[in-house]
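Encoded as structure tokens, the structure appears first; notes follow it.
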Amino acid sequence: MPSLHSSPFMDKSVFLSLLRHTSKRPKSSSSGGGGGGGGLLKMFKLFPMLSSGCKMVALLGRPRKPLLKDHATTGTIFGYRKGRVSLAIQEDPHCLPIFIIELPMHTAALNKEMASDILRIALESETKTHKKKLMEEFVWAVYCNGRKIGYSIRRKQISDDELHVMQHLRGVSMGAGVLPSPASEKDNLDGELTYMRARFERVVGSKDSEALYMINPDGAPGPELSIFFVRSQ
């Protein structure tokens, strides 16, 4: 089971306010070295610029044990340089995602949103019923750093490309890089397949609100990537 915490202070109204906050981006806390945030986000921005010969994770396809043995939730953002990005949530990096969705934004647009080294993705389900668990909802309004960017539908079944990514990253707990493309033609048309994977603390506010806060590997004081799920009434 993932690391699952319940907080009485993180109800649905808190998440709704996060969805609609001002579009002004926070400034980076530090521009120099040291223990500041932005480590994984900076890596993700750097790797798409690398050449095809630098696909360092080509050997990750064979089964391995996780680098860190804990119960944190695993989140992966991935996509082709010229295509859209996808988000996958796993309770265990060796298992299929419990939630996977293609976001209505391209990799280049995501890189621009990372300019402040802080990324907040919020997904709002506008369903009126409660017959499903929150992450079982299908239609989501997607917000990035406070701005609505469109709608997406959660996948019922994982695609071949998505399965390719999950298989190659099954032994990776966190990191960013370039994956070998499942087809050379795809690689040539849409560019390299990049990914960013991190471990998250999962916080449940109610049956209609959850949040994932990235666990920073460099000991930074605050999360540089947060993902919010909320179901409106």
Side-chain angles (χ1 to χ4, degrees), residues 2 12 15-16 18-20 40-41 44 72-93 95-114 119-170 172 176 179 182 186 190 193-205 207-214 223 225-232:
K12 185 176 61 180
F15 289 95
L16 288 173
L18 285 168
L19 292 176
R20 301 179 176 87
L40 279 179
L41 296 185
F44 186 71
T73 300
T74 298
T76 309
I77 296 176
F78 59 95
Y80 291 95
R81 289 181 58 184
K82 299 178 183 179
R84 292 188 177 186
V85 294
S86 295
L87 169 67
I89 307 297
Q90 296 168 278
E91 294 181 344
D92 185 321
C95 300
L96 290 176
I98 60 172
F99 183 92
I100 188 163
I101 193 170
E102 183 181 75
L103 302 178
M105 66 186 308
H106 286 78
T107 303
L110 180 66
N111 288 336
K112 291 181 181 179
E113 293 293 340
M114 293 181 189
L119 182 64
R120 294 187 177 95
I121 297 174
L123 295 95
E124 180 183 22
S125 172
E126 299 174 354
T127 183
K128 302 299 181 181
T129 66
H130 300 279
K131 295 181 180 180
K132 301 176 182 177
K133 293 181 180 179
L134 179 58
M135 287 194 182
E136 292 177 349
E137 298 292 349
F138 286 107
V139 181
W140 297 87
V142 182
Y143 297 76
C144 184
N145 284 345
R147 293 186 301 279
K148 189 174 183 178
I149 59 175
Y151 287 86
S152 289
I153 298 177
R154 177 179 66 85
R155 295 193 186 279
K156 293 182 180 180
Q157 294 183 339
I158 189 169
S159 69
D160 290 341
D161 281 4
E162 292 161 349
L163 182 60
H164 170 84
V165 173
M166 295 298 104
Q167 288 176 336
H168 275 76
L169 296 180
R170 62 187 301 181
V172 178
L179 286 167
K186 186 77 173 179
D190 293 340
L193 180 57
T194 62
Y195 79 93
M196 181 181 70
R197 168 166 282 203
R199 295 156 56 247
F200 290 82
E201 179 183 8
R202 185 175 175 183
V203 178
V204 176
K207 64 180 180 180
D208 296 319
S209 60
E210 294 188 22
L212 299 175
Y213 296 101
M214 191 177 79
L225 171 58
S226 303
I227 304 170
F228 303 95
F229 298 87
V230 61
R231 178 163 47 195
S232 62

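A heavy-atom distance below 4.5 Å is found between the side chains of F78 and E162. Taking the side chain as every heavy atom from C-beta outward, L225 and F200 approach each other to under 4.5 Å.
Looking only at distances, a side-chain donor or acceptor of H168 sits under 3.5 Å from a matching main-chain atom of H164. Between the side chain of N145 and the backbone N or O of R120 there is at least one donor-acceptor pair closer than 3.5 Å. The backbone N or O of L179 lies less than 3.5 Å from no partner atom in the side chain of T194, so there is not a single donor-acceptor pair.
With sequence neighbours left out, the side-chain contact (heavy atoms from CB on, under 4.5 Å) criterion links K133 to E136. Residues satisfying the side-chain contact (heavy atoms from CB on, under 4.5 Å) criterion with L96, sequence neighbours excluded, are I158, L163. When the side chain to side chain donor-acceptor pair (under 3.5 Å) test is applied to S86, no partner is found at least two apart in sequence or on another chain. Here R84 pairs with nothing under the side chain to side chain donor-acceptor pair (under 3.5 Å) rule; sequence neighbours left out. With sequence neighbours excluded, no residue forms a side chain to side chain donor-acceptor pair (under 3.5 Å) with E102.
Interatomic distance, F228 CZ to S209 OG, rounded to the nearest 0.5 Å: 11.0 Å. Note that CD of E113 and CD1 of I121 are 9.5 Å apart. Values are rounded to the nearest 0.5 Å. Atom CD of E210 and atom CZ of R231 lie 9.5 Å apart (nearest 0.5 Å). Annotation: the span from T127 atom OG1 to W140 atom CH2 amounts to 9.5 Å, rounded to 0.5 Å. To the nearest 0.5 angstrom, R154 atom CZ is 10.0 Å from I98 atom CD1. Distance check: I227 CD1 to L119 CG gives 8.0 Å after rounding to the nearest 0.5 Å.
Counted by atom type alone, R170 and Q90 present zero donor-acceptor pairs between their side chains at under 3.5 Å.
Summarising the geometry of F138 relative to K156, their closest heavy-atom pair is CE2-CG, 3.3 Å, with the distance given to 0.1 Å. In terms of heavy atoms, I89 sits closest to G75 at CD1-CA, 4.2 Å. Taking every heavy atom of both residues into account, E124 and Y143 meet most closely at OE1-OH, 3.3 Å. Nearest approach of V230 to L134, heavy atoms of both residues: C-CD1, 4.1 Å.
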Query raised in the report: Given the rule in the side chain to side chain contact (heavy atoms under 4.5 Å, CB included) test, do M105 and K112 qualify, once you have shown the distances and angles that lead to the verdict?
Result: CA-CA 11 Å; M105 66 186 308; K112 291 181 181 179; over 6 Å; no
Query - Audit row: L169, T74, side chain to side chain contact (heavy atoms under 4.5 Å, CB included) steps and yes/no - result: CA-CA 11 Å; L169 296 180; T74 298; over 6 Å; no
